[in-house]
Amino acid sequence: AAVESAVNTDSDIAIYEKQIKASDEIAKDTPDIASTTYRQQNLYKMKYAQDISYRKDATAHKATTLYNEIALLKEQIAFSEKAIAFKEKKLQESEIKYKKGVISQAAYQKACDDIEQAKSDKAKQETQLEADRVAFNTLAKYDINYYTLEKNFEAEPYKYVGDVQRHFRESMDDICRYDLEIAEVAADNIWYDTMGYGNSFQASSYYSAKASSAATLNSIEERKKSGVSALNTIYTNLLTTQQKVLDLQASIKQKETELKTLQVKYEKGYASPMQIEEAEMAIEQMKLDIITANVSINQAKEVIRKPWVNFY
């Protein structure tokens with residue numbers, strides 16, 4: 001419902017619709033169908049129609065991304081609260097050991113620093129959660145404080161089937177298609193626009209227009225290259241993050257085995273409750289890291305499938 005609301009209330013989409021009508025009226029009022037104005041306005045209509053389609057996908061992606069990031073932040077804050085409680089117990093233990101001379105002042109100070117860092121991390125997460133709440137409310141017109149959020153924390157492994165470089169190039173070609181065609185019309189019509197309507201040839205105007213046109217065409221080509229580069233970075237990060245998940249899963253299995261051994265030692269009096277809790281917290285942290293990675297993976301997958309959502 002929030003995604004649908006975000007799309008339906010997107011002011012940019014309404015602006016594109018008005019621009020289509022404006023371009024249509026300008027084209028109708030232009031008698032010379034060979035003119036730059038007539039040809040460009042017809043292209044603008046198609047460009048704005050494409051913009052609407054792309055913008056809807058981008059807005060849906062942004063709303064979904066914010067939603068899942070908010071749900072993730074709630075999980076991270078909940079873990080931070082547990083981490084702070086655990087570190088407070090460790091600090092009490094460290095204080096006793098320090099007073100008895102069992103640990104150094106540096107070790108005790110580290111325990112103090114650890115809890116301060118944990119509190120700082122939690123404060124940053126809460127600040128980000130509030131910022132995301134406001135952004136989501138502005139975008140989707142829903143205040144997440146009044147809802148229980150669905151947790152979309154699972155991610156299937158993904159790898160693009162086919163030539164991913166070709167996919168990126170063709171996607172950027174489509175994104176820039178009408179901007180390029182509009183610029184090409186201007187380039188093709190420079191002589192006509194300079195000499196049309198009985199105007200005498202003015203070298204300065206002609207060559208200035210040529211230079212401006214060349215700069216515009218070049219900027220579009222550079223935008224394509226920059227877009228492909230950005231998509232490559234996202235895809236590389238996606239593959240890296242997926243490998244990170246596999247590594248974390250392997251580490252969790254190892255830590256769970258170590259925890260079982262530690263529990264046996266605890267039952268025999270060779271390990272403390274704090275050691276057990278610390279091992280459990282380490283496993284929980286890695287599970288949270290997997291959730292964080294999965295949220296990132298799902299966001300990146302949508303960008304790879306629909307590259308335009310990254311540019312609108």
Side-chain angles (χ1 to χ4, degrees), residues 1-23 43-72 132-142 144 147 149-182 220 223-239 241-242 293-312:
V3 168
E4 185 178 356
S5 174
V7 172
N8 289 340
T9 59
D10 189 339
S11 59
D12 283 354
I13 291 175
I15 290 171
Y16 290 140
E17 289 171 345
K18 290 178 181 178
Q19 287 172 322
I20 288 174
K21 293 180 180 178
S23 292
L43 288 169
Y44 274 123
K45 286 193 294 182
M46 291 184 280
K47 168 182 164 54
Y48 295 138
Q50 182 189 63
D51 286 340
I52 289 172
S53 175
Y54 283 169
R55 180 71 184 185
K56 286 180 178 179
D57 285 344
T59 301
H61 176 67
K62 186 175 182 180
T64 303
T65 296
L66 274 171
Y67 182 99
N68 289 327
E69 285 181 352
I70 288 168
L72 173 61
D132 284 356
R133 183 194 71 80
V134 172
F136 189 76
N137 190 17
T138 301
L139 179 68
K141 311 300 182 290
Y142 278 82
I144 52 94
Y147 298 89
L149 303 187
E150 181 181 321
K151 299 175 183 178
N152 303 304
F153 295 150
E154 298 299 320
E156 292 295 325
Y158 177 80
K159 186 174 182 180
Y160 184 80
V161 178
D163 187 340
V164 71
Q165 294 303 312
R166 180 179 177 180
H167 170 57
F168 291 158
R169 289 194 302 271
E170 289 179 347
S171 296
M172 290 309 303
D173 284 344
D174 284 341
I175 290 169
C176 297
R177 174 185 173 184
Y178 292 112
D179 286 331
L180 182 60
E181 289 186 14
I182 289 164
I220 293 171
R223 182 150 62 98
K224 287 184 187 180
K225 292 177 185 177
S226 177
V228 169
S229 178
L231 293 170
N232 272 318
T233 298
I234 292 169
Y235 188 56
T236 299
N237 290 342
L238 167 62
L239 299 180
T241 305
Q242 289 183 153
N294 282 344
V295 170
S296 175
I297 287 168
N298 286 331
Q299 291 174 10
K301 281 162 65 174
E302 186 68 5
V303 174
I304 303 306
R305 289 168 176 158
K306 299 178 178 179
W308 48 89
V309 302
N310 197 54
F311 303 101
Y312 276 78

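- The environment of K141 atom NZ is dense: over 12 non-hydrogen atoms of other residues, nucleotides or ligands sit within 6.0 angstrom.
- Judged purely by atom type and a 3.5 angstrom limit, D10 has no side-chain atom pairing as donor or acceptor with the backbone of A6.
- Heavy-atom minimum distance, Y142 versus A1: OH-CB, 3.4 Å.
- Within the 3.5 Å criterion, the main-chain N or O of A140 finds a donor-acceptor partner in the side chain of S5.
- Distance check, rounded to the nearest 0.5 Å: CE of M172 to CZ of F311 gives 4.5 Å.
- Taking the six-membered ring where tryptophan is involved, the planes of Y160 and H167 are essentially parallel, since the angle between them stays under 30° and well short of 60°.
- One finds the CZ atom of R169 at 12.0 Å from the CG atom of L231 (value rounded to the nearest 0.5 Å).
- More than 12 heavy atoms of other shown residues, nucleotides or ligands fall within 6.0 angstrom of atom CD in E170.
- Closest of all the heavy-atom pairs between V3 and T64 is CG2-OG1, 3.7 Å.
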Checking side chain to side chain contact (heavy atoms under 4.5 Å, CB included) for the pair R177/M46: CA distance, chi angles, key distance, verdict? CA-CA 10 Å; R177 174 185 173 184; M46 291 184 280; 5.8 Å; no
Run the numbers on D179 and R223 for side chain to side chain contact (heavy atoms under 4.5 Å, CB included), then give the verdict. CA-CA 11 Å; D179 286 331; R223 182 150 62 98; 2.7 Å; yes
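- Within a 6.0 Å sphere centred on NZ of K56, heavy atoms belonging to other residues, nucleotides or ligands number 12 at most.
- Looking at N137, its side chain never comes within 3.5 Å of a backbone N or O of I144 through a donor-acceptor pair.
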What verdict does the side chain to side chain contact (heavy atoms under 4.5 Å, CB included) test give for Q165 and V228, after you've listed the backbone C-alpha separation in whole Å, the side-chain angles of each residue and the deciding distance to 0.1 Å? CA-CA 8 Å; Q165 294 303 312; V228 169; 4.2 Å; yes
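- Checked by atom type and distance alone, the side chain of S23 pairs as donor or acceptor with a backbone atom of Q19 at under 3.5 Å.
- By the 30° and 60° cut-offs, the orientation of the rings of F168 relative to Y235 is perpendicular.
- Closest approach of I13 and I52 over heavy atoms only: CG2-CG2, 4.1 Å.
- A donor-acceptor contact shorter than 3.5 Å is absent between the side chain of S53 and the backbone of A49.
- D57 contributes no side-chain N or O that, together with a main-chain N or O of V309, makes up a donor-acceptor pair within less than 3.5 Å.
- Put simply, CD1 on I234 and CG on L239 are 12.0 Å apart, with the number rounded to the nearest 0.5 Å.
- Using a distance-only test at 3.5 Å, with no hydrogens or angles considered, no donor-acceptor pair links the side chain of Q242 to the main chain of I297.
- Judged by distance alone, with hydrogens and angles left aside, the side-chain atoms of N237 form a donor-acceptor pair with the main-chain N or O of T233 at under 3.5 Å.
- In this structure, CD in Q50 is found 11.5 Å from CG in L43, a value given to the nearest 0.5 Å.
- Atom NZ of K47 has more than 12 heavy atoms from other residues, nucleotides or ligands within 6.0 Å.
- The heavy-atom pair separating F153 from N68 by the smallest distance is CE2-O, 4.3 Å.
- A distance-only check finds a donor-acceptor pair linking the side chain of Y67 to the backbone of E150 [under 3.5 Å].
- Taken from CD1 in I20 to OH in Y48, the straight-line distance is 9.0 Å, to the nearest 0.5 Å.
- Taking NE2 of H61 as the start and CG of N298 as the end, the distance is 10.5 Å to the nearest 0.5 Å.
- Residues V7 and T59 approach most closely at N-CG2, 4.0 Å, considering heavy atoms.
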